[in-house]
Amino acid sequence: TQLLEQSPQFLSIQEGENLTVYCNSSSVFSSLQWYRQEPGEGPVLLVTVVTGGEVKKLKRLTFQFGDARKDSSLHITAAQTGDTGLYLCAGTGANNLFFGTGTRLTVIP
Amino acid sequence: ETGVTQTPRHLVMGMTNKKSLKCEQHLGHNAMYWYKQSAKKPLELMFVYNFKEQTENNSVPSRFSPECPNSSHLFLHLHTLQPEDSALYLCASSQLTYQETQYFGPGTRLLVL
């Protein structure tokens, strides 16, 4: 089993603060995806990173794939209440897909 | 809007009941998935269908029985469930398996009494 551990498990911050969440594994993945899940809904894909060292930006969100393709981070600048949700990373291999344990983010107004 | 719908959204059932969850995707995808999401656990992949054929069954108990009559519809038949089966059951679809972006439905929140 390829385990993806996310940290922190829970994060509560004030609106306007910056934050980083992490997704770590001992396994190499061909790509890594980040999803956000809001209460009562299914996960929605935010980004897919494929190349080791790759950095992608989506407005205030910055995603980085580790050089060895074993880990990834998500940085949010100036968090907003709309960023509240469960953030999931998922690693893909040739014939499998593994989800991480999730980080539950709460942004307080 | 994900294009994947699930019914019912909420379900309460006794351990002796038989019920079915339904998933429909309007995206023209060829792969469909059932996942189980429990508190404090990673999302667990249960079944994968590719072009209507089951390609993966991740050691799921036989009290869960999937059915995929065509590429747009996926069912999960439930019978004699246990309280620990209470969870959010998510359906997803993708153009091809694994490597492609998965689009999730809103899930069915299941409570087994």
Side-chain angles (χ1 to χ4, degrees), chain A residues 1-11 21-51 54 56 58 63 65 69 71-72 85-104, chain B residues 1-11 21 23-27 29 31-50 53-59 74 87-110:
Chain A
T1 302
Q2 295 172 278
L3 184 63
L4 277 163
E5 292 195 11
Q6 291 186 241
S7 60
Q9 189 177 355
F10 298 95
L11 183 59
V21 298
Y22 301 92
C23 173
N24 294 296
S25 175
S26 58
S27 302
V28 176
F29 294 100
S30 56
S31 70
L32 198 135
Q33 302 170 349
W34 283 94
Y35 291 81
R36 180 171 66 215
Q37 184 177 16
E38 298 184 18
E41 299 296 330
V44 175
L45 181 70
L46 296 173
V47 77
T48 300
V49 285
V50 178
T51 307
E54 181 177 3
K56 279 192 174 178
L58 185 66
F63 305 85
F65 201 12
R69 291 185 289 130
D71 54 82
S72 181
L86 177 67
Y87 287 81
L88 297 164
C89 65
T92 62
N95 291 298
N96 48 43
L97 172 67
F98 296 96
F99 278 85
T101 49
T103 292
R104 190 165 297 280
Chain B
E1 184 173 341
T2 62
V4 180
T5 58
Q6 290 187 243
T7 54
R9 294 293 308 271
H10 297 88
L11 179 63
L21 310 184
C23 174
E24 184 173 1
Q25 59 98 356
H26 313 273
L27 302 168
H29 289 165
M32 296 188 77
Y33 312 76
W34 277 117
Y35 287 89
K36 177 183 179 182
Q37 188 173 36
S38 307
K40 301 181 182 179
K41 280 187 167 183
L43 209 58
E44 299 172 75
L45 179 62
M46 300 173 70
F47 301 104
V48 181
Y49 278 82
N50 198 20
E53 298 297 320
Q54 187 180 129
T55 58
E56 189 150 345
N57 173 345
N58 277 346
S59 302
L74 186 64
L88 181 68
Y89 288 85
L90 291 161
C91 172
S93 71
S94 63
Q95 184 60 41
L96 298 171
T97 51
Y98 299 122
Q99 299 296 336
E100 301 289 325
T101 301
Q102 294 195 20
Y103 293 84
F104 285 83
T108 295
R109 174 72 62 187
L110 173 66

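Chain identifiers are assigned alphabetically (A, B, ...) following the order of the sequence lines, protein sequences preceding nucleic acid strands; residue numbering begins at 1 within each chain.
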Check your understanding: Rounded to the nearest 0.5 Å, how far does CG of L97(A) lie from OH of Y35(B)?
Key -> 4.5 Å
Practice item. Could you pull out all residues at least two apart from E5(A) that satisfy salt bridge (Lys or Arg N to Asp or Glu O under 4.0 Å)? Key: none
Check your understanding: Between L90(B) and P43(A), what is the shortest heavy-atom contact and its length?
Key -> CD1-CD, 3.9 Å
Practice item. Select one option (side chain, backbone, both, neither) describing which atoms of R109(B) are under 4.5 Å from chain A's heavy atoms. Key: neither
Check your understanding: Going by atom types alone, do Q33(A) and Q102(B) pair a side-chain donor with an acceptor below 3.5 Å?
Key -> no
Exercise for review: Could you list the residues that satisfy salt bridge (Lys or Arg N to Asp or Glu O under 4.0 Å) with E24(B), not counting sequence neighbours?
Suggested key: none
Practice item. Name the option with the most non-hydrogen atom pairs under 4.5 Å to chain A; the candidates are R9(B), E44(B), Q37(B), K41(B). Key: Q37(B)
Review point. Which heavy atom in P42(B) sits nearest to a heavy atom in F99(A), and how many Å separate them?
Key: CB-O, 3.7 Å
Review point. Contact part of Q6(B) toward chain A, heavy-atom cut-off under 4.5 Å: side chain, backbone, both or neither?
Key: neither
Practice item. Please flag which part of Q37(A) lies under 4.5 Å from any non-hydrogen atom of chain B: side chain, backbone, both or neither. Key: side chain
